[in-house]
Every structure is written in C-alpha cells, then in structure tokens.
Amino acid sequence: MAHRKIKWFFQLMALISLIFLSACGGGSESTDAKKDKSGNGDGGGQEHEFDFSHFFPPTHFMEEEIQTFAAELEKATDGRIKINSYPGASLAAPDEHFDAAATGSVDLALSVHGYTPNQFPLTSVMELPFMSKSAVEGSDHLWELYNEFDEFDDEYAGTIPLWLYTTDPGQLFTVGKQVKSVDDLKGMRIRSPSAETSEWLKALGATPVSMPMNENFEALERGVVDGTIAPWEAIKTWGLDEVIDYATVGNFYSTTMFVVMNEDIWNDLSEEDQATMKELTGKKMAEQTGKVFDKFGQDAIEQAKEKGIEIHELSEEELKDWRKYINPTIEKWIKNVDEKGLPGQKVYDRAVELSNKQE
C-alpha cells in the first residue's frame, strides 16, 4: 500500500513538472509572437486584410489602379498587408464612402468630395472654375495644398488621406441642343457633381441637378437632364458617348476625389508598414492617378469624334462672356469659406499661384 502511494506521488510530481514546463515554453513562444505582431520583433508587423470600397464599376480603370496598388503594397510589406477591392458601391453608396471610412464601416474608401457638400470647404477650391488644365496638374496642386495648410486636417477627421486627386477638366455635354453661348445654356437642366459647380451653373441660367456619376447615363438617356458637366474621361469609361450629341469645351472645373483610410486602422499598423504606405501613396499616387485620367481623357476625345459627337471649343474671347457670370461665384466661395473662420482667400490665392506656375 505504501509502495503504491509512493509510486502515485512520483507520477503526480512528474505530471506537475510537465505542466509547468509546457506553460513556460508556451509563454515564451507567445511572447515572441506578440513581439512580431507589434512590430518590435523580426516580423515587421501584424498581418492585416483590409477592404477598399469605391463606386467605380469593376470595368473602370480605377479598379485596375487599385488592384495594382494593392499588389505593390502586399509585395512591399512581405505579404503583411492585403487589400480586397469592392467596386460598384457594393459596401457603401457614393455619398456615404467618407463617413464609412471615418466610422470604420470600411477600412479604405474612394469617392468624390462633392458628393458630401460642406464636408470639404477648403478642398473644394480645386473644384472652382478654371483652376487646372489637366488631371496631373490638378492632382499635384490639391495634394500640395493639403500638405501646406493644416486647416485641411479637420475636413478628414477620423481618417488618414492616402492620396487626393482630380479628374481631367470637366466639360459640358448635352443632348439634342448644342451650347455655344451663355444664352444657349439658359433654362437647360444640367447634371452637377458638386455644390461649387451648381453655383456657377445657376449663375449662367441653367438648372443644376445634383447627381453622382453612376446615375448620369440613365438620367441623360431618359431625359431627366438635358446635359451634364463631366470630365472627358467619363465619355469613355461611363459610356456617355452613347447618349450625348454635343460637347462644349471650356475646361470649366475638375472633380476632386479622395482615398482615405480609417484612422484607428492606420494607428494599428507598425511604424514600418506606415512608412511603406506613405512611400507608395501620397504625391506618387496623386500624380499616377492624374496621368491615367489624362490619358483616358485624350482617348475619349478621339472616341467622341469617331461617334460623331460635335465638339465646340470655346475661344478665349467667348469665355470672357462666361467668366462674367462665373467669376462672382468664385468670390462668393471665398467669402463663405472665410466666414467659417477658414483661410479661403489664402488657399484660393495659393491655388491660383500654383496654377500660374504651370503656364
């Protein structure tokens, strides 16, 4: 009996020792894993899989740009960061993308600033008339303004802007009636992408109809609107050449867009991965996106000519008459932004200065 008790005692002690050693070994392994995930070990940071939501259709060239960016980022982070793209507004409506990113409903989002009026008062300076002659120029200037003026930060609260950009300059496209003068435009219902564009359309005597790009084709086809303000790029990528008859070229404005990341998600990244993200985005992606828009814009012009769309390019003399109505809306923009306690005049003057440097 005593012999059996001694045997049980040693078996019990052996079991306790085994449990103790396993716990110690497990604790050491867990600590190493935690060090790697925090970015303090050799692993360089925790693995992440993010969703990237946007409203462009899967066939749009921006989906290809996003896929290319995602592949470069995954390679540069040794597979730690993977991005899954969700095109076609499948996760959020076009006008909900910024809030979706700010609240964490999505990790990354791309959309048009003008779809959420009053959210981006300073950013909207690049949507004012005649601010740039190309998407590369507009994108470069917008990103520079964002980095120069700290007051821009409040507009993007809850997010980290990865890059900002503009489309190629917007033109006037109409159905059934060609517009060559201000008088021709009066009374026409014109789709508008932003509050800033609506303002000068009203001044010219048109009736602006606020509408995101993905509703544009159907509105033109059904006669809900008589025309649209849009970049040349939209003729090719959104198929507008199927429903319009005329183009009036005046380089009236540029649509501005954002690519933002939820701020909490950004803060979860290791310093190394944040640095990599910055290296692959910012000015580099602003200019790259601008180049693609400009290229598709030029391709769209040729496509429009092939489809028989009549193009009237406003001369400098003709534009003088348009400017009589448009320029006061610029002054109104400056006044409204200044009254909010923001440097509207300074931002506008700097934007004009940047534009003049390109000439």
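All values derive from a computational prediction rather than experimental measurement. In this chain, residues are counted from 1 in sequence order.
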> Do N251 and Q171 have side-chain N/O donor and acceptor atoms under 3.5 Å apart?
Replying inline: yes
>> Do M131 and Y253 make a side-chain contact, defined as non-hydrogen atoms from C-beta onward lying under 4.5 Å apart?
In response: no
> Do the ring centers of Y115 and F55 come within less than 6.0 Å of each other?
Replying inline: yes
>> side-chain contact (heavy atoms from CB on, under 4.5 Å) for F50 and I81? Distances and angles first, verdict last.
In response: CA-CA 8 Å; F50 298 134; I81 300 180; 3.9 Å; yes
>> Checking S139 against E287: is there a side-chain donor and acceptor pair closer than 3.5 Å?
In response: no
>> If the threshold is 4.0 Å, N to carboxylate O, is there a salt bridge linking R350 and E148?
In response: yes
> Using 4.0 Å as the upper bound for N to carboxylate O, is an ion pair formed by E317 and K320?
Replying inline: yes
>> Pair H97, S53 - check side-chain hydrogen bond (donor to acceptor under 3.5 Å, both in side chains), show working.
In response: CA-CA 7 Å; H97 272 87; S53 180; 2.8 Å; yes
>> Please find the pair of heavy atoms, one from L342 and one from P121, that lie closest to each other, and give the distance.
In response: CD1-CG, 3.7 Å
>> Can you confirm whether the side chains of H312 and T248 place a donor and an acceptor under 3.5 Å from each other?
In response: no
>> Does atom NZ (K291) have a neighbourhood of more than 12 heavy atoms from anything else shown, all under 6.0 Å?
In response: no
>> Are L240 and I301 linked, directly or through intermediate hydrophobic residues, by side-chain heavy-atom contacts shorter than 4.5 Å (ILVMFWY only)?
In response: yes
>> Please check: side-chain N/O of D184 versus main-chain N/O of K180, any donor-acceptor pairing under 3.5 Å?
In response: yes
> Do the non-hydrogen side-chain atoms of F61 and F293 ever get within less than 4.5 Å of each other?
Replying inline: yes
>> When you measure from the side chain of S355 to the backbone of A351, do you find a donor-acceptor pair of N or O atoms at a distance under 3.5 Å?
In response: no
> Within the distance-only criterion (no hydrogens, no angle test), does the side chain of T276 pair as donor or acceptor with the backbone N or O of E272 below 3.5 angstrom?
Replying inline: yes
>> Could you walk me through whether L204 and I326 satisfy the side-chain contact (heavy atoms from CB on, under 4.5 Å) test, starting with their C-alpha distance in whole Å, then the side-chain angles of each, then the deciding distance to 0.1 Å, before giving a yes or no?
In response: CA-CA 7 Å; L204 289 166; I326 291 174; 4.1 Å; yes
> Judged by atom type as modelled, is there a donor-acceptor pair below 3.5 Å linking the side chain of E233 to the main-chain atoms of D294?
Replying inline: no
>> Looking only at side-chain N and O atoms, does Y156 offer a donor or acceptor that is under 3.5 Å from a partner on T123?
In response: yes
> Does a sphere of radius 6.0 Å around NZ in K307 hold more than 12 heavy atoms from other residues, nucleotides or ligands, not counting ones at 6.0 Å or beyond?
Replying inline: yes
> Run the side-chain contact (heavy atoms from CB on, under 4.5 Å) check on D245 and I309 step by step: do they pass?
Replying inline: CA-CA 5 Å; D245 302 311; I309 294 171; over 6 Å; no
> If you round to the nearest 0.5 Å, how far is CD of E306 from CD of Q303?
Replying inline: 7.0 Å
> For A135 and P169, which heavy atoms make the closest approach, and how far apart are they?
Replying inline: N-CD, 4.3 Å
> Would you find more than 12 non-hydrogen atoms of other residues, nucleotides or ligands less than 6.0 Å from Q67 atom CD?
Replying inline: yes
> For D95 and T116, which heavy atoms make the closest approach, and how far apart are they?
Replying inline: O-CG2, 3.2 Å
>> Is there a ring pair (Phe, Tyr, Trp, His ring centres under 6.0 Å) between F252 and W322? Walk through the geometry before answering.
In response: CA-CA 10 Å; F252 295 109; W322 292 68; 5.3 Å; yes
> Run the salt bridge (charged side-chain N to carboxylate O under 4.0 Å, His left out) check on E339 and K335 step by step: do they pass?
Replying inline: CA-CA 6 Å; E339 286 178 349; K335 182 174 181 290; 2.7 Å; yes
>> On a heavy-atom basis, which atom in G344 and which in D338 lie closest, and how many Å separate them?
In response: N-OD1, 2.8 Å
>> For a side-chain contact (heavy atoms from CB on, under 4.5 Å) check, start with the C-alpha distance between Y146 and W163, then their side-chain angles and the critical distance, and finish with the verdict.
In response: CA-CA 10 Å; Y146 165 74; W163 74 91; over 6 Å; no
> Between F130 and R323, is there a cation-pi geometry (under 6.0 Å to ring centre, at most 45° from the normal)?
Replying inline: yes
> Between E302 and Q298, does any side-chain donor sit less than 3.5 Å from a side-chain acceptor?
Replying inline: no
>> Does any part of the side chain of L162, heavy atoms only, come nearer than 4.5 Å to the side chain of F258, both counted from C-beta?
In response: no
> Looking only at side chains, do Q46 and D268 share a donor and an acceptor under 3.5 Å apart?
Replying inline: no
> Does the N147 side chain pair with the main chain of W143, one donor and one acceptor, at a distance under 3.5 Å?
Replying inline: yes
>> Does N118, at its CG atom, have more than 12 non-hydrogen atoms belonging to other residues, nucleotides or ligands within less than 6.0 Å?
In response: no
> Heavy atoms, side chains only, cut-off 4.5 Å: are S192 and M211 in contact?
Replying inline: no
>> When you measure from the side chain of D168 to the backbone of W232, do you find a donor-acceptor pair of N or O atoms at a distance under 3.5 Å?
In response: yes
> So which heavy atom on P161 is nearest to which on V260, and how close?
Replying inline: CA-CG1, 3.9 Å
> More than 12 foreign heavy atoms under 6.0 Å from NZ of K82: is that the case here?
Replying inline: yes
> Are any non-hydrogen side-chain atoms of I229 and F173 less than 4.5 angstrom apart?
Replying inline: no
>> Checking D349 against Q345: is there a side-chain donor and acceptor pair closer than 3.5 Å?
In response: yes
> Are any of the side-chain heavy atoms of I311 and K305 separated by less than 4.5 Å?
Replying inline: yes
> Is the closest side-chain heavy-atom distance between D107 and N262 below 4.5 Å?
Replying inline: no
> Near E74 CD, under 6.0 Å, is it more than 12 heavy atoms from other residues, nucleotides or ligands?
Replying inline: yes
> After noting the C-alpha distance and the side-chain angles of K177 and D226, does the key distance pass the salt bridge (charged side-chain N to carboxylate O under 4.0 Å, His left out) rule?
Replying inline: CA-CA 8 Å; K177 179 183 178 183; D226 304 309; over 6 Å; no
>> K133 vs E137, test: salt bridge (charged side-chain N to carboxylate O under 4.0 Å, His left out). Steps then yes/no.
In response: CA-CA 7 Å; K133 298 180 178 64; E137 181 182 322; 5.2 Å; no
> If we ignore angles and hydrogens, is there a donor and acceptor under 3.5 Å between the side chains of S194 and H113?
Replying inline: no
> How about E279: does its CD atom have over 12 heavy atoms from other parts shown lying under 6.0 Å from it?
Replying inline: no
>> What verdict does the side-chain hydrogen bond (donor to acceptor under 3.5 Å, both in side chains) test give for T228 and N216, after you've listed the backbone C-alpha separation in whole Å, the side-chain angles of each residue and the deciding distance to 0.1 Å?
In response: CA-CA 8 Å; T228 181; N216 211 357; 3.0 Å; yes
> Hey, mind stepping through R80 and D273 against salt bridge (charged side-chain N to carboxylate O under 4.0 Å, His left out) and telling me if it holds?
Replying inline: CA-CA 8 Å; R80 289 188 301 277; D273 288 343; 2.7 Å; yes
> Are the side chains of L122 and E155 in touch, meaning some heavy atoms are under 4.5 Å apart?
Replying inline: yes
>> Testing the 3.5 Å rule here: is there a donor-acceptor pair between the side chains of E127 and T256?
In response: yes
